[in-house]
Amino acid sequence: MTKKQVEESLQYLKKRGFESPEIGIVLGTGLGQLVEEIENPIEAHYNHIPYFPLATVEFHSGKLIYGTIEGKKVVVMQGRFHLYEGYDFLDITYPIRVMHGLGIQKLFVSNAAGAINLDFKKGDIMLIEDHINLQGGSPLAFKNVVEFGDRFVDMSEPYDPNMRKKIEDIAERENISLQKGVYVSVVGPQLETKAEYRMLKILGADAVGMSTVPEVIVANHLRLPIVAVSVLTDECDPDNLQPINIQEIIEIAGKTEPKMIQLFKELIKEI
Ligand code: HPA
């Protein structure tokens with residue numbers, strides 16, 4: 001990755017009308033309905049944006065969408081890149097650098113995740129307060145990282161306390177039950193064994209998923225304030241573990257998404 005590549009991606013998007021978005025939003029697996037809330041949308045397919053990672057066949061629908069929500073200019077990633085698809089850390093975080101280059105000042109991230117904390121239930125939303133990186137690498141471990149920012153990025157408060165507080169207030173006001181906790185990222189794509197779920201709990205995780213952490217590290221590199229939520233799609237109870245059902249995960253994500261949309265829309269209004 002070079003600055004020149006990012007610049008070319010930006011030129012392409014600006015030419016198509018992606019002018020000065022204020023907020024970037026990353027939509028997780030099964031979370032696509034927010035796109036319907038975007039007014040005056042302009043789309044750019046990942047495959048057409050110079051230097052974007054080359055999309056796999058199953059990922060042909062990935063796109064960046066620019067428009068307005070609640071009167072604010074946003075750029076939304078419909079579909080993200082994952083390590084488990086064979087991309088590397090630089091690939092999967094490249095879109096964050098591009099959205100930052102477009103001018104976003106805040107980043108909202110969402111994902112589907114499994115509930116490690118068994119007080120949490122599928123269909124709950126969890127506000128991410130902190131994370132554990134178990135993906136075995138970093139999107140900042142590359143040779144010319146200092147051209148883009150510090151090498152030793154502070155991670156004492158990776159999720160913006162102001163926006164977290166606002167989300168909590170909104171949830172209370174709108175009667176949306178909101179869990180809070182620690183998200184652990186794994187590579188996948190295989191789901192966890194019972195022994196692994198036990199381990200993740202001991203480590204201090206409340207939810208587990210296969211994304212988000214690299215994007216959050218890069219956003220911190222860029223000093224971009226982040227708010228992130230997990231839509232909990234399955235309960236990871238090692239003593240009563242059910243075989244995974246991806247269809248059900250996607251279905252529960254879809255059913256829960258309206259609550260997430262409400263939280264995000266209210267937050268957009270308030271910031
Ligand atoms: N583990 C990892 N990733 C996931 C899970 C899970 O149980 N559920 C949804 N994404």
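Order of appearance sets the numbers: ligands from 1, and atoms from 1 within every ligand.
Within ligand 1, counting atoms from 1 as listed, the ones closer than 4.0 Å to a heavy atom of T233 are 8 (N), 9 (C). Close contacts of ligand 1 with M210, meaning ligand atoms under 4.0 Å from a residue heavy atom, involve 2 (C), 3 (N).
At the shortest separation from atom 10 (N) of ligand 1 among protein heavy atoms lies A112 O, 3.5 Å. Nearest protein neighbour of atom 5 (C) of ligand 1, counting heavy atoms only, is G114 N, 3.4 Å. If you check which protein heavy atom lies closest to atom 2 (C) of ligand 1, you get E192 OE1, 3.3 Å. Summary of contacts: the protein heavy atom closest to atom 6 (C) of ligand 1 is L191 CD1, 3.3 Å.
Ionic pairing of R198 and D239 is present here: one or more N-O contacts between side-chain nitrogen and carboxylate oxygen are shorter than 4.0 angstrom. Electrostatic pairing of K165 and D160 does not count as a salt bridge here, judged by no charged N lying under 4.0 Å from a carboxylate O. E266 and K166 are not joined by a salt bridge, as no carboxylate oxygen comes within less than 4.0 angstrom of a charged side-chain nitrogen. Ion pair K265/E36 not flagged as a salt bridge, since none of the NZ, NE, NH1 or NH2 atoms sits closer than 4.0 Å to an Asp/Glu carboxylate oxygen.
Put simply, the residue from K73, E37, E22 that forms a side-chain contact (heavy atoms from CB on, under 4.5 Å) with T68 is K73.
Within the 4.0 Å heavy-atom criterion, both parts of V208, backbone and side chain, lie near ligand 1. Only the side chain of C236 comes within contact range of ligand 1, with a heavy atom under 4.0 Å; no backbone atom does. Contacts between Y84 and ligand 1 below 4.0 angstrom, taking non-hydrogen atoms only, are absent altogether. Of all the heavy atoms of N111, none lies under 4.0 Å from any atom of ligand 1, so neither backbone nor side chain is involved.
Of the listed residues (D234, L232, L200), the one carrying the non-hydrogen atom nearest atom 7 (O) of ligand 1 is D234.
Judged by a 6.0 Å distance limit and a 45° cone about the ring axis, R16 is not positioned over the six-membered ring of Y66.
Judged purely by distance below 3.5 Å, without hydrogens or angles, the side chains of S9 and Y94 pair a donor atom with an acceptor atom.
Using bins of under 30°, 30° to 60° and over 60° for the plane-to-plane angle, the ring pair Y87/F81 lands in the perpendicular bin.
At under 3.5 Å, not a single nitrogen or oxygen of V186, backbone or side chain, sits near a nitrogen or oxygen of ligand 1.
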